[in-house]
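Single-structure report; data block below.
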Amino acid sequence: MSDGPGPLAGRRVVVGVSGSIAAYKAVSLVRLLQDRGAVVDVAMTRAATRFVGPLTFASLTHRPVLDDVFELDADQQIAHVELAEAADAIVLAPATANLLGELAAGLVGDAVTAIACASRAPVIVAPAMDAGMWTHPATQRNVATLREFGYLVVEPEVGELASGLTGIGRLAEPSAVLEAVERLFERGGDLEGLHVVVSAGGTREPLDPVRFIGNRSSGKMGAALAETARDRGAAVTMIAGAMGVTPPRGVTVVDATTAQTMREAVMRAAPNADILVMAAAVADFAPARASQRKIKRSGENLQIELVPNPDIVAEVGEMPDDIRPFLIGFAAESQDLEVNAAAKLRDKGLDLIVGNVVGGPFDAIGSDENKVTVFGAEGSLTDWPMLPKRQVAERLWDLIGDRYRTARNTDGSAPGGRRRRRS
Ligand code: C5P
């Protein structure tokens with residue numbers, strides 16, 4: 001055992017139990033999670049309650065067990081929505097063939113599926129069933145769909161099954177499921193000692209005292225990046241434009257709602273930053289003048305002159321190497337993602353650029369999910385599926401952290417050949 005608190009200390013984990021004979025193993029799993037310091041809530045399907053009584057879990061966790069999708073908690077809130085929001089991770093163990101099918105189809109008829117569907121937390125599924133059911137194409141297709149959603153699957157094991165036959169389908173040992181949950185959180189710490197600056201949200205360029213030219217950016221991607229960097233031990237400054245979400249706790253927030261104020265904030269923060277991620281949607285143009293008075297309707301056409309805004313990230317890209325942070329930009333493109341992202345990487349002097357396609361059938365703006373491709377000087381570096389933004393952020397920090405460390409360790413040169421100050 002390690003000396004300090006482990007990766008699960010204080011984490012909220014929801015264990016969702018479905019109706020398999022292996023439901024009794026969920027009891028051991030709950031105990032293991034609690035031993036590691038996690039705060040565990042249990043949700044059960046109706047069928048699960050026929051294998052293990054809710055009282056067993058309630059006695060272990062000292063918390064109410066959710067087995068009814070219509071339940072309200074003590075404050076008359078919808079309990080499954082509350083739990084879904086509070087959860088840091090959701091573990092579905094055992095997950096029956098039926099549960100996998102419901103999740104893949106988005107059917108939310110009970111407390112377990114409702115929590116999994118409503119939450120943005122990572123979901124781990126540990127299937128348990130008869131070998132024939134596990135190998136059936138319908139189950140395999142459902143598992144593949146869940147992987148596409150970003151769910152992590154702890155594969156069932158080969159062994160004796162409830163039928164008495166031997167085959168694949170036995171629930172993985174509780175210790176293996178526990179390990180998968182711990183792995184979700186144990187990367188925490190790899191950004192320790194680094195100062196990370198993340199810009200997020202959209203800018204608003206005033207036209208008059210009440211109107212502005214803005215964009216639909218919600219700031220969700222930037223907030224997820226700030227939050228995950230914080231969880232990995234970085235000191236985080238978030239330069240926040242107009243946001244549709246609350247900035248995460250524990251990060252320093254600098255409000256900057258116009259491109260000019262964002263430029264000032266970024267230029268002030270950049271020389272002290274190790275890594276700058278420009279996730280903000282900065283307006284490319286601003287009205288040449290903001291009217292002091294509210295513009296009145298006159299029956300005539302209204303002409304507004306727009307002037308270009310400074311390209312903030314490009315200015316940082318030109319900073320002297322001893323103060324320039326490792327630099328990541330975003331590129332939202334409606335077409336030719338690879339070509340446009342590569343050009344922006346070069347023109348703006350970036351180390352990496354995160355590209356996503358906007359304006360198609362799927363719109364990442366404002367969504368809780370995103371499908372991105374990361375490009376470096378050598379071309380595209382990733383082939384990731386559509387994932388919840390929080391998981392996109394985790395993967396981005398894996399990649400950015402690796403690249404940053406390589407840039408520092410190879411004789412002080414960044415990937416583009418620049419001298420780094422911390423050589
Ligand atoms: O050129 P484009 O706006 O597509 O570039 C996107 C990237 O450049 C993003 O990282 C964005 O934050 C940054 N940007 C900026 N200043 C601007 C416009 C965009 O820093 N005026």
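First listed ligand is number 1; within each ligand, the first listed atom is number 1. Computed from a predicted model, the values in this text were never measured in an experiment. Only this structure's heavy atoms are used, side chains among them; waters, hydrogens and symmetry mates stay out.
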Salt bridge or not between [X] and [Y]? Use side-chain N to carboxylate O under 4.0 Å.
X	Y	answer
E82	R12	no
D311	K344	no
R147	E155	yes

Nearest-contact summary for [atom] - protein heavy atom, Å:
atom	result
atom 13 (C) of ligand 1	V313 CG1, 3.8 Å
atom 3 (O) of ligand 1	D284 OD1, 3.6 Å
atom 7 (C) of ligand 1	F330 O, 3.0 Å
atom 16 (N) of ligand 1	I312 N, 3.0 Å
atom 14 (N) of ligand 1	D311 OD1, 3.9 Å

- Query: If you measure only the distance, is there a donor-acceptor pair under 3.5 Å linking the side chains of D110 and T113?
  - Reply: yes
- Indicate yes or no: does an N/O atom of A279 lie under 3.5 Å from an N/O atom of ligand 1? no
- Do G329 and ligand 1 have an N or O pair less than 3.5 Å apart? no
With heavy-atom distances below 4.0 Å as the criterion, list the atoms of ligand 1 near [X].
X	value
A280	11 (C), 12 (O)
P310	16 (N), 17 (C), 21 (N)
M278	9 (C), 10 (O), 12 (O), 20 (O)

- Message: Yes or no: does M262 have any heavy atom under 4.0 Å from an atom of ligand 1?
- Response: no
- Message: Going by side-chain hydrogen bond (donor to acceptor under 3.5 Å, both in side chains), name the pairs with one or both residues in residues 114-128, residues two or more places apart or in two chains.
- Response: R120-E369
- Item | CG on L345 to CG on L350, rounded to 0.5 Å | 5.5 Å
- Item | Within reach of ligand 1, part of V266 (heavy-atom separation under 4.0 Å) | neither
